[in-house]
Amino acid sequence: MSKENILLGRQGEDEAVRFLKRKGYKILARNYRTMSAEIDIIARDKDTFCFVEVKTRLSGWFGEPAEAIDRRKQGKIYRAATLFLKEKGLLDAGARFDVVSVSPFQGSWKTELLKNAFEIQEI
């Protein structure tokens with residue numbers, strides 16, 4: 001990954017955090033890593049733990065952000081989320097998987113939230 005892409009991704013995550021805070025989310029962790037996955041943002045929206053994948057795009061050329069999260073990636077996020085909840089003793093807590101799409105727009109950011117972007121069925 002190029003330095004430019006890394007910088008763009010970091011800026012997108014920073015914007016996603018600001019956006020989620022404005023929506024009333026409480027940010028609990030950023031870049032939570034396990035041996036096989038990373039969750040960009042872990043937050044709480046009222047009583048629900050939200051595991052947020054941030055997709056920063058310069059254009060819509062590669063499709064919608066949620067489309068970039070295939071079943072394999074979903075499984076990795078799910079396993080990392082389960083580990084986080086287990087570590088905190090929260091396995092019975094409500095949880096969901098959200099996606100925040102961030103793209104540069106007229107000198108600022110266009111930021112969109114897709115709640116319940118995917119659900120885990122059988123992995």
Side-chain angles (χ1 to χ4, degrees):
M1 187 180 291
S2 73
K3 288 181 183 179
E4 291 82 15
N5 285 346
I6 291 169
L7 179 60
L8 179 65
R10 192 170 301 137
Q11 290 172 335
E13 285 183 15
D14 291 344
E15 172 57 23
V17 165
R18 288 188 294 272
F19 177 82
L20 292 171
K21 285 180 176 179
R22 287 191 306 269
K23 294 272 187 197
Y25 285 58
K26 180 178 180 192
I27 306 304
L28 304 175
R30 287 184 68 175
N31 306 114
Y32 175 81
R33 297 180 199 279
T34 68
M35 292 290 286
S36 62
E38 177 184 330
I39 298 174
D40 295 329
I41 300 169
I42 300 174
R44 202 171 71 226
D45 179 23
K46 298 181 180 82
D47 293 332
T48 303
F49 287 88
C50 303
F51 299 92
V52 183
E53 179 72 7
V54 179
K55 290 297 178 190
T56 306
R57 299 273 195 254
L58 290 175
S59 73
W61 183 256
F62 293 103
E64 293 299 315
E67 294 172 353
I69 307 170
D70 61 17
R71 283 184 57 77
R72 182 173 165 267
K73 175 79 171 180
Q74 290 175 15
K76 286 182 172 191
I77 294 170
Y78 171 78
R79 287 186 289 280
T82 300
L83 182 60
F84 175 86
L85 293 171
K86 185 176 182 179
E87 286 174 353
K88 304 295 183 193
L90 299 167
L91 283 175
D92 293 331
R96 71 171 188 251
F97 301 93
D98 295 350
V99 173
V100 174
S101 166
V102 180
S103 56
F105 182 73
Q106 298 179 351
S108 188
W109 297 99
K110 178 182 175 189
T111 309
E112 298 175 305
L113 171 63
L114 179 58
K115 291 183 179 184
N116 289 312
F118 62 90
E119 292 183 13
I120 300 301
Q121 304 194 344
E122 274 189 51
I123 304 282

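Computed from a prediction, not measured in an experiment: that's the story for all the values here.
With sequence neighbours left out, the side chain to side chain donor-acceptor pair (under 3.5 Å) criterion links Asp14 to Arg30. In this structure Asp45 satisfies the salt bridge (Lys or Arg N to Asp or Glu O under 4.0 Å) test together with Arg96, Lys115, sequence neighbours excluded. Residues passing the ring-ring contact (aromatic ring centres under 6.0 Å, His included) test with Tyr25: none are found, sequence neighbours excluded. Residues passing the side-chain contact (heavy atoms from CB on, under 4.5 Å) test with Glu87, sequence neighbours excluded: Tyr32, Leu83. Contacts of Phe49 classified as ring-ring contact (aromatic ring centres under 6.0 Å, His included), with partners at least two apart in sequence or in another chain: none. Listed by chain and number, the residues in a salt bridge (Lys or Arg N to Asp or Glu O under 4.0 Å) with Arg22 are Glu15 (sequence neighbours excluded). Remark: Arg33 pairs with Glu38 by the side chain to side chain donor-acceptor pair (under 3.5 Å) rule, at least two apart or across chains. Every side-chain contact (heavy atoms from CB on, under 4.5 Å) that Lys73 has, sequence neighbours left out, goes to Glu53, Ile69, Asp70, Ile77. Partners of Lys88 by salt bridge (Lys or Arg N to Asp or Glu O under 4.0 Å), not counting sequence neighbours: none found. Among residues two or more places apart in sequence or in another chain, the side-chain contact (heavy atoms from CB on, under 4.5 Å) test is passed with Thr82 by Tyr78, Leu91. When the salt bridge (Lys or Arg N to Asp or Glu O under 4.0 Å) test is applied to Arg10, no partner is found at least two apart in sequence or on another chain.
Atoms CD and CZ, on Glu13 and Arg18 in that order, are 11.5 Å from each other to the nearest 0.5 Å. Expressed to the nearest 0.5 Å, how far CZ of Arg44 lies from CG of Leu90 amounts to 9.5 Å. The CD atom of Gln11 sits 8.5 Å away from the OG1 atom of Thr56 when rounded to the nearest 0.5 Å.
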- Message: Could you go through Val54 and Val17, starting from their C-alpha distance and side-chain angles, then the distance that decides it, and tell me whether this counts as side chain to side chain contact (heavy atoms under 4.5 Å, CB included)?
- Response: CA-CA 10 Å; Val54 179; Val17 165; over 6 Å; no
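Here the shortest heavy-atom pairing between Ala16 and Ile41 reads CB-CD1, 3.9 Å.
With hydrogens and angles ignored, the 3.5 Å screen pairs no side-chain donor or acceptor of Asp98 with any backbone N or O of Cys50.
Using a 4.5 Å heavy-atom cutoff, the side chains of Asp40 and Val52 are not in contact. The side-chain heavy atoms of Ile42 and Phe84, taken from C-beta on, include a pair separated by under 4.5 Å. The shortest side-chain heavy-atom distance between Leu28 and Lys26 falls under the 4.5 Å cut-off.
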